[in-house]
Amino acid sequence: MTKVRSSSTEQHIMVAIAEIQPDIIISINNHGMTKSIRDYITVPVVRWLFDDVEHFFVHESFGDWQNSFDPDDLVICYNSELRAKIEISCPVLRRKPIFLAHATSIDLVRAIPFDPKHNISFIGSYLDVAPAQYLLQHFGAKGGHIPLAIENIVQDIRRNHQLNIREALESHDLTNEINQIRMRPDDFKRVLSDLITTRDRLEAVVSLKDLGIAVFGRSDWILPLILVPGAERVFQYDSKLDSQVALMTAYQSALITVDIPNIQNETAIGGRVIEAMSSNSLLITKFQEESDLFKVFGSDCPVPTYRDLPHLYELCSHYLNRPEEREEIVKRCNSLVANGFDFRDRVIFVLELAGQKLPSVRRRVQATIDRLPAGFIREVELNEAQNIGTGLDKLEQAVKDAAERGELETALNLLVVYAQAQWHDPGTLTKLFGSARLDELCLIIGRIADTTKPSSPTSTGSTVYIASHLAGHGGHTHVLESAVMADTTARRVILLTDLFNHADIEGLRVRFGRTCEFRAAPRGSLPSKLIWLLEQLAELRPKNILLFNHHEDAVMIAAMANWLHRASVFFIHHADTNLCYGVHLPGATHVDLHNIGFNCCRHHENIKNNRYLPLSIKEKRSRPVASAFKEQGNLRTCSSGSYNKFSGRYAFQYIDLISLRLQADHGTHIHIGGIPTHELERIRTTLERVDVNPERFIHVPWVESVWSTLVERNVDLYISSFPLSGGLATVEAMGSGTPILAHQSDMSRFHGGVDLMYPGVLTWRNAREFKAIIETVDAERLERDSRIAADWFKQHHSMEVMGEQLNQILTGGGAELQPPPLQEHKLDRLEQYQHFASLNGGQEVGGVIASMQQQQERAVAIQTGEALRLRRLIKDVTRELEQVKTETVSGYEAEIHELHRRWASTTRELERANKELEVLKAPRPAEKRGIRLRLLSKNQGD
């Protein structure tokens with residue numbers, strides 16, 4: 001290790017590099033990486049960036065930090081917000097910057113015993129506020145508008161840390177003041193940010209002292225705590241966090257760990273977050289709409305989040321008093337960070353990305369990558385896949401090259417990641433398509449990998465069902481279960497590849513073990529799962545193979561390479577809302593589960609011999625025909641489904657529609673299915689804002705049967721999910737005799753899934769139509785739809801219908817069952833354009849109103865600042881004019897004329913500015929919903 005001191009020159013660093021002769025150089029936060037040094041370096045460079053750009057190494061003599069980047073640099077950012085900034089600021093980069101969250105020492109935390117001496121712990125820095133105190137004292141002494149302007153900027157930073165500080169200083173007329181003290185605007189912003197963070201942390205710690213909080217950090221914490229009676233006792237004097245062991249011991253000493261993030265990176269997953277998630281302490285952190293926590297771990301991330309201090313106190317009290325609930329969340333958090341978040345794996349992974357070949361650890365590294373959670377794959381491997389190029393030619397060549405070299409892990413990962421890239425592109429949502437080229441790539445891998453030979457050429461006559469993943473609940477699992485129950489084959493076997501390595505194997509074994517054999521692949525890499533699947537097929541020698549693969553399961557399709565001519569293979573097209581491997585599997589019978597997919601595959605994918613198998617579920621007790629609807633004069637509505645069906649980027653947001661529904665009618669709405677804590681809080685807050693009692697929104701996280709729940713709770717109207725419809729939930733609603741209100745989308749037939757439902761079903765195209773139906777639908781219409789729905793289920797979706805058709809498909813006999821005809825689908829081209837525009841803009845449509853309000857607020861602030869500037873200019877011109885008027889010396893007439901002209905022009909500008917300001921201040925409809933815009937008009941009198 002060579003130490004480079006702060007006094008080191010560029011020449012010193014270059015000499016050190018020449019002496020070490022490294023294979024790779026890693027620069028942390030751009031430190032020491034000037035343009036001259038970067039030009040000197042000839043080996044790969046990794047820029048590992050942890051702080052915001054204003055903290056990067058900067059020296060005026062070397063130019064801006066952007067100039068030091070080279071097109072071939074691998075840039076890794078620890079939060080997605082920083083990645084976006086780098087991508088915009090450094091277009092020279094050939095590879096997109098990669099978002100890679102913090103890591104920790106998983107083995108270390110497992111070695112430290114859980115010894116909860118404290119109820120709550122906070123581990124963090126007490127940031128130095130001395131510079132901020134100096135600034136406040138310095139500017140406070142100046143008086144005038146300056147102290148108020150400083151406080152206004154503090155509040156602006158608190159609301160939006162991403163504000164342009166130079167524009168803010170200019171609008172508050174503080175630019176000259178900052179220049180006079182020789183302070184960079186970015187440094188001024190950082191100092192105020194430290195003050196805000198310290199205030200937040202101190203207030204939070206003090207608010208929790210009665211619950212038994214312990215504070216770990218530097219000794220300067222005692223300075224503010226000693227001012228609060230009794231608060232000084234919360235600081236842990238004898239616990240120095242001078243090592244990773246000491247740090248993890250602190251986490252293991254409390255039941256709950258509170259994370260109070262630095263305002264400079266509130267949306268990031270800080271190191272404290274990953275560390276706490278790996279411990280036995282329950283993490284509670286601050287809610288942020290765009291938090292990386294949800295991007296990496298999904299919208300259903302179990303970590304509790306707080307919105308304000310009372311809410312933080314409430315959450316801590318809740319989980320302190322419910323140990324079982326607390327421990328269950330801790331287990332879920334542990335499992336999320338168990339793979340891919342260890343320091344050792346992280347470094348090896350980065351070296352691999354930088355092109356360093358490490359044969360001794362390559363197998364272990366790839367196994368780790370295979371086990372990464374979906375969010376991690378999306379944010380890291382997805383970017384690498386995009387760097388390869390989205391063109392099929394490049395992907396095809398890369399997969400073939402890897403397969404020919406025997407690198408099956410690389411080949412399979414490329415295909416998996418490519419499919420996931422399509423899945424996470426909002427433009428492809430509900431666009432059903434397949435690719436014969438990609439399917440052939442899967443088969444190429446399978447032919448190379450398959451060295452097995454069946455013990456006998458004779459089939460055992462069994463039927464094998466192969467699935468990628470099965471959850472404890474969900475439509476996919478129920479569809480497979482219904483097929484197995486309807487199948488009359490003597491021996492039925494389910495083979496689970498467990499593609500994502502997190503299925504509840506034992507629970508599934510119990511569930512399916514009563515009706516068939518159940519086998520699951522051991523956890524491991526993608527090639528290991530492929531070999532396992534091939535060995536199972538060679539042993540079983542099935543007559544029929546039914547594929548229930550997820551979109552990206554290249555393993556399952558690869559395994560069919562030599563079985564397409566050994567058995568009858570049936571591709572069950574249940575993953576039908578995006579690109580899916582196997583759609584064009586040659587020699588396999590293509591089976592679609594609804595009329596939309598059937599027609600799309602036959603007419604758009606040109607699959608001429610596809611078959612139709614209706615969705616079905618075991619019949620239960622239906623709603624009595626004579627049962628009354630709207631018994632109390634109000635509607636009882638219900639929706640169900642995993643929250644991803646409601647939370648996609650779309651023109652209509654579930655929160656807004658449910659708010660409308662509960663305003664339009666005084667009944668209740670039941671939601672069946674998991675809702676992330678932060679989303680549930682958003683729903684309740686939204687309802688309170690429009691004076692709707694949140695208790696009227698009833699959340700039921702899980703039920704054994706949607707059908708039975710609709711009947712037992714006397715639901716009057718089932719509001720189907722959107723933008724993604726739930727096919728099986730729709731079938732259950734019809735079977736139960738519950739009327740349906742569905743979304744008729746202008747984007748695609750798949751949105752809302754109206755074609756799966758009975759003719760004449762209630763539909764809405766926009767919020768106005770949705771509200772009108774809720775307000776006007778009567779008991780007579782609901783009773784009629786109830787009868788039609790139940791009859792439609794019996795005619796098209798009963799287990800008898802499905803069983804008969806399945807056995808005809810497997811045996812190749814009987815008349816082909818045709819799906820119900822598609823319903824009339826009239827598109828509104830303007831609505832469709834607006835939907836696509838919202839997607840292309842890259843903005844959550846649910847946030848459009850808030851975004852418009854933020855834009856209005858910024859416009860008001862800018863326009864107000866402009867009005868103030870013009871007023872001051874008029875004063876200056878008027879003062880000069882009066883001076884000149886007092887002069888009697890001839891020759892000043894031209895100057896007087898020029899000053900009159902400037903005065904008149906500036907006055908006109910001020911009038912225009914004031915008019916624009918009044919327009920901006922005018923109340924908008926959104927303001928009536930309780931959103932107040934902060935106007936700066938109080939400064940206009942200056």
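As a basis for the values below, the full set of heavy atoms in this structure was taken, side chains included, without hydrogen atoms, waters or symmetry mates.
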Expected output: side-chain Ser335 to main-chain Arg332 donor-acceptor under 3.5 Å: yes

Heavy-atom check, side chain of Phe297 versus side chain of Pro302, under 4.5 Å: no

Working for side chain to side chain contact (heavy atoms under 4.5 Å, CB included), residues Lys286 and Thr305: CA-CA 5 Å; Lys286 188 174 182 180; Thr305 56; over 6 Å; no

Partner set under ring-ring contact (aromatic ring centres under 6.0 Å, His included) for Phe122, not counting sequence neighbours: Trp221

Side chain to side chain contact (heavy atoms under 4.5 Å, CB included) between Thr249 and Leu247, worked out: CA-CA 5 Å; Thr249 301; Leu247 183 63; over 6 Å; no

Short side-chain donor-acceptor distance under 3.5 Å, Tyr654 and His671: yes

Residue pairs fulfilling side chain to side chain donor-acceptor pair (under 3.5 Å) with at least one residue in residues 271-281, sequence neighbours excluded: Tyr251-Arg272, Tyr251-Glu275, Gln252-Asn280, Thr257-Ser281, Arg272-Glu275

Partners meeting side chain to side chain donor-acceptor pair (under 3.5 Å) with Ser253 (sequence neighbours left out): none

Side-chain H-bond candidate by donor/acceptor type, Thr285 with Tyr306, under 3.5 Å: no

Exercise: do Ser80 and Asp292 side chains pair donor with acceptor under 3.5 Å: yes

Main-chain N/O of Met485 paired with Lys618 side-chain donor or acceptor, under 3.5 Å: no

Row check, Phe287 ring normal vs Arg307 NZ/CZ: under 6.0 Å, within 45°: yes

Minimum heavy-atom distance between Ser640 and Phe646, given as atom pair plus value: O-CZ, 3.5 Å

Salt bridge present between Glu289 and Arg682 (N-O < 4.0 angstrom): yes

Check: His311 main-chain N/O paired with Asp308 side-chain donor or acceptor under 3.5 Å: yes

Sidechain-backbone polar pair: Ser721 side chain, Gly726 backbone, donor-acceptor under 3.5 Å: yes

Separation between CD of Glu81 and CD of Glu266, rounded to the nearest 0.5 Å: 9.5 Å

Student check: side-chain heavy atoms of Leu100 and Cys77 closer than 4.5 Å: no

Beyond-backbone contact of Tyr465 with Val493, side-chain heavy atoms, under 4.5 angstrom: no

Asp342 (side chain) donor-acceptor with Ser105 (main chain) under 3.5 angstrom: no

Other residues, nucleotides, ligands: >12 heavy atoms within 6.0 Å of Lys620 NZ: yes

salt_bridge(Glu517, Arg519) N-O dist < 4.0 Å: yes

Side-chain donor or acceptor of Ser291 paired with backbone N/O of Gln288 under 3.5 Å: no

Flag side-chain contact, heavy atom, 4.5 Å: Asn79 against Leu82: yes

Closest contact, heavy atoms only, Cys638 versus Val715: CB-CG1, 3.7 Å

Verdict with reasoning, Thr709 to Ile672, per side chain to side chain contact (heavy atoms under 4.5 Å, CB included): CA-CA 9 Å; Thr709 302; Ile672 301 172; 3.8 Å; yes

Distance in Å, Leu470 CG paired with Ile494 CD1, rounded so as to fall on 0.5 Å steps: 6.5 Å

Separation between CD1 of Ile284 and OH of Tyr319, rounded to the nearest 0.5 Å: 7.0 Å

Rounded distance [0.5 Å steps], NZ in Lys295 versus SG in Cys301: 14.0 Å

Nearest heavy atoms of Ile655 and Tyr643, plus distance in Å: CG1-OH, 4.2 Å

Leu710 vs Val706 side-chain heavy atoms within contact, under 4.5 Å: yes

Validation row: Gln244, Phe343 side chains within 4.5 angstrom (heavy atoms): yes

Nearest heavy atoms of Val205 and Ile213, plus distance in Å: O-CG2, 3.7 Å

His550 versus Cys580, closest heavy-atom pair with distance: O-SG, 4.2 Å

Asn549 and Ser468 side chains, donor-acceptor separation under 3.5 Å: no

Donor-acceptor contact present, side-chain Arg326 to main-chain Leu282, <3.5 Å: no

Heavy-atom pair with the smallest gap, counting every atom of Leu283 and Met277: CD2-CG, 3.8 Å

Nearest-0.5 Å distance that lies between atom CG in Leu480 and atom CD1 in Ile466: 11.0 Å

Side chains of Leu579 and Glu552 in contact at under 4.5 Å (non-hydrogen atoms): no

Residue pair Ile76, Leu49: steps toward the side chain to side chain contact (heavy atoms under 4.5 Å, CB included) verdict: CA-CA 6 Å; Ile76 298 174; Leu49 308 178; over 6 Å; no

Between CD on residue Gln653 and CD1 on residue Ile683, distance to nearest 0.5 Å: 11.0 Å

Working for ring-ring contact (aromatic ring centres under 6.0 Å, His included), residues His102 and Phe341: CA-CA 7 Å; His102 273 290; Phe341 291 89; over 10 Å; no

Non-hydrogen side-chain atoms of His699 and Ile675 separated by less than 4.5 Å: yes

Backbone N/O of Asp498 and side chain of Lys529: donor-acceptor pair under 3.5 Å: yes

Side-chain (Asp300) to main-chain (Gly674) donor-acceptor, under 3.5 angstrom: no

